[in-house]
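Proteins get letters first, then strands, A, B, ... in listed order; numbering begins at 1 in each.
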2 protein chains.
Amino acid sequence: MRRNAVLKPLPSEDDQAARFVRQREADRTAVAEDYVELIADLLRAEGEARAVDLARRMGVSQATVANTITRLQRDGLVETRPYRGLFLTEAGAELATRAKARHELVVRFLIAVGLDAETAEADAEGLEHHASEKALAAFARFLDAHNGKRR
Amino acid sequence: MRRNAVLKPLPSEDDQAARFVRQREADRTAVAEDYVELIADLLRAEGEARAVDLARRMGVSQATVANTITRLQRDGLVETRPYRGLFLTEAGAELATRAKARHELVVRFLIAVGLDAETAEADAEGLEHHASEKALAAFARFLDAHNGKRR
DNA sequence: TCCAAAACTTAGCCTAGGCTATAGAGTGAT
DNA sequence: ATCACTCTATAGCCTAGGCTAAGTTTTGGA
């Protein structure tokens, strides 16, 4: 039963390198996206986003959050008012909106292809940072096509 | 047209933290998986896997490869015979096999939901490390279900 | 009002994963 | 047999993203 087709040739060195480079870039932005997304969620749901709560929700120490927030401030995504919580800049809010939209899309897509809601939510956390625009478009098309049938 | 449903409540702190922790664990193993997968591919396709070639295909300097290989050796995944190339240990080969199977599954799945082969291949590079076993199982089921129709 | 608890900051440390520059080793072609 | 070229290793540096421990501020309740 084994398909003994011609072994798939390796991609060209340049193509493959380009993929890995893009990959590493995505990794670098992932943390920033997770933070602004979470800050936006907290602001919406609780009215404020405290560093302590971020630490608890990210599963990380307060010191790590402080560190990360400093970077996000440097990058113009977040503003802090000590003892008043964290706020998003224009750019931060925009990034959060895009991140959230992507997250939601990925979750809905995963559910549509048969994953339970819990796992979909958990996996989306990782997958959302690595789906290209083309992939997201494909997911959206898939959801559209299947919205007539179920739901 | 805006669905103005009740705002989705935040997940519990513990659940959310657990997701992010799992996330970070996946990130840590991703590089190792990429390396052993690539080494396996090179061994298969070219008969040998040289550090130089890894550097070119990973889009990284030779020094970085040397560094990474040292870690992989320490972790019992890779063996080196200088000027003879790199080899996988038992554990390394096993990891490579699993990684490759996952990679292939993700690629086929992405194509099945409408992505072009090129993008599927590129995106799989990132996505493969963040799909849980449950997600992979769902992808496999999806492919099975759709294999009767097309192809 | 005041003071303990909670929130935040700072210092110091670590690993992974990048880099450049340079030195050293091995191979293969002449 | 040699020597140029290729491959590998090493030194030294950097950032991100973790940690613990030990301050410092602020807040809010008694």
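Residue R71(B) places at least one side-chain N or O closer than 4.0 Å to OP1 or OP2 of dG17(C).
Residues meeting the ring-ring contact (aromatic ring centres under 6.0 Å, His included) test with Y35(B), sequence neighbours left out: none. Qualifying side-chain hydrogen bond (donor to acceptor under 3.5 Å, both in side chains) partners for E48(A), counting only residues two or more places apart in sequence or in other chains: R50(A). Residues passing the ring-ring contact (aromatic ring centres under 6.0 Å, His included) test with H129(B), sequence neighbours excluded: none.
Relative to the six-membered ring of F20(B), R57(A) misses at least one condition, a distance below 6.0 Å or an angle of at most 45° to the axis.
Across the helix from dT1(C)-dA30(D) to dT30(C)-dA1(D), the helix axis at one end is tilted relative to the axis at the other end by 10° (nearest 10 degrees, each axis from five pairs).
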Could you go over nucleotides 20-22 of chain D and give all protein N or O partners under 3.5 Å, atom names and distances?
none

Anything under 3.5 Å between a protein N or O and an N or O of nucleotides 25-30 of chain C, put it in a table, one pair a line.
| unit_1 | atom_1 | unit_2 | atom_2 | d |
| --- | --- | --- | --- | --- |
| dA25(C) | O4' | Y83(B) | OH | 3.4 |
| dA25(C) | N3 | Y83(B) | OH | 3.2 |
| dT27(C) | OP1 | R84(B) | NH2 | 2.9 |

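Here V31(B) lies in heavy-atom contact (under 4.0 Å) with sugar-phosphate atoms only. Among the protein residues, R74(A) comes within range of the sugar-phosphate backbone only, with heavy atoms under 4.0 Å from sugar or phosphate atoms but none that close to a base.
Projected onto DNA chain D by closest heavy-atom contact, V65(A) and D75(A) fall at different nucleotides, the more 5' of which corresponds to D75(A).
A salt bridge links R56(B) to D53(B): one of the charged nitrogens lies within less than 4.0 Å of a carboxylate oxygen.
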